[in-house]
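Since the structure comes first, as structure tokens, the remarks are kept for the end.
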Amino acid sequence: MKNKAVKETVKAAALRIAAKCPECSSTNLVHDYDSGETVCGGCGLVVERDQPSSEPEWRAYTLEEKLSRDRAGLPITFTVHDKGLSTEVGRKYEDRDSRNRKFPISTKEQVHRIRDAQNRFRVHSALERNITQALSELARLLDKLSIESEVVKEETARKYRKAVYDGFTRGRGIRGVIPAILYDTLRQYDIPRNLEEIAEVGNYNRKTIARNYRLWVRKYMDSARPPFDSELYLGKIFNKLMLNGVTQKYSLKILEAARKEMLTSGRSSEGVAAAVVYVASVLSGERKTQYELAEVMKVTEVTIRNRYKEIVENLLFTTEL
DNA sequence: ATGGTTTTTACTGCGTC
DNA sequence: GACGCGGTAAAAACCAT
């Protein structure tokens, strides 16, 4: 125990010493205790801040974020454009010049204006950089989901931009917000991809994006979006498993009948769709395993069994196929 | 927070290829 | 022996209140 802790400390120290500037690879890193920043002696890049700055976080600094990025194979951009280099007109210079002489009033006002303008610019450009970063994450995600639609992309970008300027994204991180907002857009346009799938392909934390999606809905919508219709999922399954026309026809009929018998309400449309196709595939002879259906719909085999049991018990005999 | 419902997790047993 | 399937109990997630 104790040994391990010591080892960790040594390791951390070694890492620190060996640290290189991501920009110019200089090992000459200087820690400034006044500003709490570690600055590269080679190029002046601020490598690290002791305390989280008040600027919105647009890069992953936590270990978890970094790890999940690595796993996703995302090309990591270490280049922190301009970070920490922009000039700031501090308050302490408000009415004094560098030799501590008092400014005339007019100069004071001028300094005021300059500082305000500069702060505005700085905040603005920080937000814009965040958005740029977010858009590349969005592009990556859309690519992984095989979604080509420009409309979806634009709509999601629009929402994200709004969210940024509303402060909605603060503290949630791009990887927490982008998938959540994209999911909302997909619901909007009836493109069936559930949170599980999005989380999986993008290596996101499902719970996090689920929470952020809820918050998004609460803040920006006055009523909940209807869930994906089971029928949309049927189409998706047909495509993914390349099912023949007979199975497809059976599936549609079974779903319709199940709806009439009220076997679908209160149940997840994913589970319903998976079970319906499972039964249809058995009936048509183009048998698919429960596992395959579960995999496509991101539900468990248990759920499929529960749904399909109900279907068989309640309506198989009453339905003409 | 709470309680009711659905889904997941984890495990077991059975028949078939 | 691996695979597909069925069942179950308990945990977890979900949802409305």
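Below, each value reflects all heavy atoms present in this structure, side chains not excepted, and no hydrogens, waters or symmetry copies. By convention in this document, chain letters (A, B, ...) are assigned in the order of the sequence lines, proteins followed by strands, and residues within each chain are numbered from 1.
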Which part of the nucleic acid, if any, lies within contact of A:T303, taking any heavy atom under 4.0 Å across all strands shown: a base, the sugar-phosphate backbone alone, or nothing? base
Is any side-chain nitrogen or oxygen of A:Y278 closer than 4.0 Å to OP1 or OP2 of C:dC5? yes
Filtered N/O pairs between nucleotides 7-10 of chain C and protein, under 3.5 Å:
{"unit_1": "C:dG7", "atom_1": "O6", "unit_2": "A:R305", "atom_2": "NH2", "d": "3.2"}

Establish, with yes or no, whether the OP1 or OP2 oxygen of C:dC3 is under 4.0 angstrom from a side-chain nitrogen or oxygen of A:Q290. no
Describe the nucleic acid contact of A:G271 in one word from base, sugar-phosphate, nothing, applying a heavy-atom distance below 4.0 Å. nothing
With distance as the sole criterion, is a donor-acceptor pair present between the side chains of A:S230 and A:S269 under 3.5 Å? no
Specify the residue among A:R287 and A:K207 whose closest nucleotide of DNA chain C lies further upstream toward the 5′ end. A:R287
Among A:R206, A:K144, A:K298, A:K236, which one satisfies side chain to side chain donor-acceptor pair (under 3.5 Å) with A:E197? A:K236
Closer than 4.0 Å, any side-chain N/O of A:R211 to the OP1 or OP2 of C:dC14? no
Between OG1 of A:T303 and CE of A:M297, what distance do you get to the nearest 0.5 Å? 12.0 Å
Out of B:dT8, B:dT6, C:dC5, minimum distance to the side chain of A:T300 belongs to B:dT8
Residue-phosphate contact under 4.0 Å: A:S268 side-chain N/O, B:dT7 OP1/OP2: yes
